[in-house]
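Note sheet for the following structure.
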2 protein chains.
Amino acid sequence: MENLDTTFAALAHATRRSILSRLMQGESRLSDLAKPFNMSQTAVSKHVRVLSDAGLLTIEKRGRTRHCRLNAEPMKQATDWLIDYQAFWTQQFDNLAQHLADERE
Amino acid sequence: MENLDTTFAALAHATRRSILSRLMQGESRLSDLAKPFNMSQTAVSKHVRVLSDAGLLTIEKRGRTRHCRLNAEPMKQATDWLIDYQAFWTQQFDNLAQHLADERE
DNA sequence: TCACCACTGAACCAGATGGTTGACAATATG
DNA sequence: CATATTGTCAACCATCTGGTTCAGTGGTGA
């Protein structure tokens with residue numbers, strides 16, 4: 001789908017974020033991806049499906065294995081959306097700085 | 001809560017993102033927030049609750065009205081997480097550039 | 001005081017989510 | 001061929017989500 005809803009929803013789960021950061025180090029087979037997690041491979045497969053639907057990774061069928069590769073592009077759109085708020089999360093520091101500056105006078 | 005799960009989950013809904021961008025223009029009463037949306041005020045109230053639980057806005061009770069104020073700070077953590085992938089979403093352009101460079105030779 | 005306004009809470013509902021198990025399909029490998 | 005590996009699919013389950021309606025609470029203003 002690759003809209004903001006599905007991107008953010010895909011990122012809203014520690015297991016899936018963990019899968020993505022794993023894929024930063026290079027592509028991985030689905031079975032290898034599943035190993036670190038204390039859940040069935042079917043469950044991991046479902047998470048991978050969610051990430052795939054969100055366009056955050058691509059799956060390549062190779063023999064009997066599936067190879068997953070990171071596709072971070074949708075994250076850019078999510079980041080772009082968030083960046084608009086940058087002024088607001090720095091604001092409180094600015095306010096604090098202003099407050100301290102005022103106090104010194 | 002203010003962890004990444006709840007932050008991303010809160011952002012994974014167009015109505016809630018819309019509420020947040022509305023609050024960029026300044027604080028707003030809950031009833032005013034609800035007006036643009038084609039749903040009951042109770043529904044909007046629930047969305048505001050989700051945002052409040054995620055720490056993305058604060059609610060101040062003032063007489064019989066509730067006034068919502070943006071608190072973008074949790075977004076910073078979300079952005080920080082996403083920024084790590086910046087190299088990967090530019091990568092495809094780099095690859096393309098490399099491909100074009102290779103072709104010219 | 002009385003009526004309205006702003007909002008909350010509870011109950012309900014349909015559908016999504018995150019997990020399980022078990023059966024199956026397809027691809028190696030001995 | 002026989003068997004193990006890799007993964008999907010279907011069914012099931014509990015819980016969460018996003019919406020509704022209705023009743024109630026408490027503040028405002030005529």
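Note on naming: letters A, B, ... go to the chains in the order of the sequence lines (proteins, then strands), and numbering restarts at 1 for each one.
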How long is the span from the CH2 atom in A:Trp89 to the CD atom in B:Glu73, to the nearest 0.5 Å? 9.5 Å

Please check the phosphate of C:dC5 (OP1 and OP2 only) for any side-chain N or O of B:Thr65 closer than 4.0 Å. no

Closest to the side chain of A:Arg66, out of C:dA6, C:dG19, D:dT8, is D:dT8

Taking only residues two or more places apart in sequence or in another chain, which ones pass salt bridge (Lys or Arg N to Asp or Glu O under 4.0 Å) with A:Arg17? B:Asp5

For B:Ala10 and B:Ala54 the tightest heavy-atom approach is CB-CB, 3.8 Å

What's the shortest heavy-atom distance between B:Trp81 and A:Leu20, and which atoms? CH2-CD1, 4.1 Å

ring-ring contact (aromatic ring centres under 6.0 Å, His included) partners of residues 18-74 of chain B, not counting sequence neighbours, each pair once: B:His13-B:His47

Taking only heavy atoms on the protein side, list every residue of residues 32-46 of chain B lying under 4.0 Å from any atom of DNA chain D, sorted numerically. B:Met39, B:Ser40, B:Thr42, B:Ala43, B:Lys46

If the condition is side-chain contact (heavy atoms from CB on, under 4.5 Å), which residues does A:Asp32 pass it with, not counting sequence neighbours? A:Arg22, A:Ser28, A:Arg29, A:Lys35

Could you give the distance from CG (A:Leu82) to OG1 (B:Thr79), rounded to the nearest 0.5 Å? 4.0 Å

Expressed as a whole number of angstroms, how long is the span from A:Leu30:CG to C:dA26:P? 18 Å

Taking only residues two or more places apart in sequence or in another chain, which ones pass side-chain hydrogen bond (donor to acceptor under 3.5 Å, both in side chains) with A:Arg66? none

Once side-chain contact (heavy atoms from CB on, under 4.5 Å) is applied, do any residues pair with B:Ser40, and if so which ones, sequence neighbours excluded? B:Thr42, B:Ala43

Would you mind telling me which residue lines up with the more 5' stretch of DNA chain D, B:Arg16 or A:Ile59, judged by nearest nucleotide? A:Ile59

Check this one for me: any side-chain N or O of B:Ser31 less than 4.0 Å away from OP1 or OP2 of C:dC5? no

What parts of residues 19-28 of chain A reach DNA chain D, counting only heavy atoms under 4.0 Å away? none

Which part of the nucleic acid does A:Arg49 contact within heavy-atom distance under 4.0 Å: base, sugar-phosphate only, or nothing? nothing

Which atoms of nucleotides 27-30 of chain D (N or O only) lie under 3.5 Å from a protein N or O atom, and what are those distances?
unit_1: D:dG27; atom_1: N2; unit_2: B:Arg64; atom_2: NH1; d: 2.5
unit_1: D:dT28; atom_1: O4'; unit_2: B:Arg64; atom_2: NH1; d: 3.1
unit_1: D:dT28; atom_1: O4'; unit_2: B:Arg64; atom_2: NH2; d: 3.4

Stems with DNA chain C, 3 or more Watson-Crick or G-U pairs in a row (under 3.5 Å), are C:1-30 with D:1-30

Tell me the interatomic distance from A:Phe8, atom CZ, to D:dT17, atom C1', rounded to whole angstroms. 18 Å

When you compare the side chain of A:Leu56 with that of A:Leu11, does any pair of heavy atoms fall below 4.5 Å? yes

For A:Arg69, enumerate each residue passing the side-chain contact (heavy atoms from CB on, under 4.5 Å) test, keeping only those at least two apart in sequence or located in another chain. A:Glu27, A:Thr58, A:Glu60

Working note: A:Leu51 + A:Ile19, criterion side chain to side chain contact (heavy atoms under 4.5 Å, CB included); need CA distance, chi angles, decisive distance, verdict. CA-CA 9 Å; A:Leu51 291 167; A:Ile19 289 173; 3.8 Å; yes

Write down the distance between NE2 (A:His47) and P (C:dA16), rounded to a whole number of angstrom. 18 Å

B:Ala34 meets the side-chain contact (heavy atoms from CB on, under 4.5 Å) criterion, sequence neighbours left out, with B:Gln41, B:Val44

Sequence neighbours excluded, the answer for side-chain hydrogen bond (donor to acceptor under 3.5 Å, both in side chains) partners of A:Arg49 is A:Asp53

Rounded to whole angstroms, how far apart are NE2 on B:His67 and P on C:dC7? 8 Å

